[in-house]
Peer 1: 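Encoded as structure tokens, here's the structure I'll be asking about.
Counting starts at 1 for both ligands and their atoms, following the listed order. Predicted model only: the values in this text are computed from it and were never measured.
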Amino acid sequence: MKRLPIGILGSGKGSNCRAILERIRSGDLAADARIVVSDVLDAPILDMAREFGVTNAYLPPGRFRTRLEPGSEQQLVQMLRDVDVELVVLAGFMRVLHEPMLKAFPRRIINIHPSLLPKFPGLEAWKQALVAGETVTGCTVHYVDEQIDHGQILGQKETKILPNDTAESLHERIQVLEHELYAAVIAEFCKRYSEARQQVGGSPNKVL
Ligand code: GRF
């Protein structure tokens, strides 16, 4: 089975990235991490890539705060294409992607979000769920489109919100679920990609 070439993008601590790289190393995930890219020069996710021997790169984001400057986004496309990435995995990447990336990787960019989407898109979604008095929350993996935390849902995992939960305890529990869910969805993508690849004799248009 051909291993799926993936690229991971993140801006922060990279616990999801670690979970993915550990599963690849142990042979549980038939993916090949080709590159880890961050828009933050000293992000721990880049140290993590080094620890696992994965190529890593800092992408200067340009002058905007919540998105990449168009030239930077084009540079990102090139970085990922140069190493033949087939699936782009957002793992705490804090910038909204726009046309250059969405056009270059249609149905090939996925994100993980700490709520049961469509509920609570945006920042600190676990806190939003707590403040709203929800009794259940969780995490979602979805395709990325032009809207924030939006796009076809590929998988979800739930957890109860306990009466004595704090924002920290809830977030911690959701992150454990995230690590399981993200690996499971990527594993499914790998399997379908490999099957579709055999059928079409090359890179398939639609995997999931
Ligand atoms: C996760 O909670 C994820 O849902 C959100 O960003 C966070 C990244 O965490 N999109 P980490 O850097 O993977 O630990």
Peer 1: For ligand 1, find out whether one of its N or O atoms is nearer than 3.5 Å to an N or O atom of S15.
Peer 2: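 Looking only at distances, the answer is yes, because the N/O contact criterion of under 3.5 Å is met.
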Peer 1: Hey, which of R108, R197, K2 is the one that makes side-chain hydrogen bond (donor to acceptor under 3.5 Å, both in side chains) with E86?
Peer 2: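 When R108, R197, K2 are each tested with E86, the side-chain hydrogen bond (donor to acceptor under 3.5 Å, both in side chains) holds only for R108.
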Peer 1: Hey, which of Q152, H150, R107 is the one that makes side-chain hydrogen bond (donor to acceptor under 3.5 Å, both in side chains) with D145?
Peer 2: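 Answer to the side-chain hydrogen bond (donor to acceptor under 3.5 Å, both in side chains) test with D145 among Q152, H150, R107: H150.
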Peer 1: For atom 10 (N) of ligand 1, what is the nearest protein heavy atom, given as residue, atom name and distance?
Peer 2: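 Answer for atom 10 (N) of ligand 1: I112 O, 2.8 Å.
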Peer 1: Check whether R173 reaches the backbone of K160 with its side chain - one donor and one acceptor, N or O, closer than 3.5 Å.
Peer 2: yes
Peer 1: Please check this pair: side chain of E73 against backbone of H98, looking for a donor-acceptor N/O pair closer than 3.5 Å.
Peer 2: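 Looks like yes, one N/O pair under 3.5 Å.
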Peer 1: Which residue holds the protein heavy atom closest to atom 9 (O) of ligand 1, what is that atom called, and what is the gap in Å?
Peer 2: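 For atom 9 (O) of ligand 1, the nearest protein heavy atom is Q175 NE2, 3.3 Å.
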Peer 1: With a 4.5 Å limit on heavy-atom distance, are the side chains of L80 and M101 in contact?
Peer 2: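 Yes, at least one pair of side-chain atoms sits under 4.5 Å.
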Peer 1: Does only the side chain of E178 get under 4.0 Å from ligand 1, or the backbone, or both, or neither? Count heavy atoms.
Peer 2: side chain
Peer 1: Would you tell me which option among G92, G14, C17, C139 has the nearest heavy-atom contact to atom 12 (O) of ligand 1?
Peer 2: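 Ranked by closest heavy atom to atom 12 (O) of ligand 1, first place is G14.
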Peer 1: Which atoms of ligand 1 have any heavy atom of H113 under 4.0 Å away?
Peer 2: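 The atoms of ligand 1 under 4.0 Å from a heavy atom of H113 are 4 (O).
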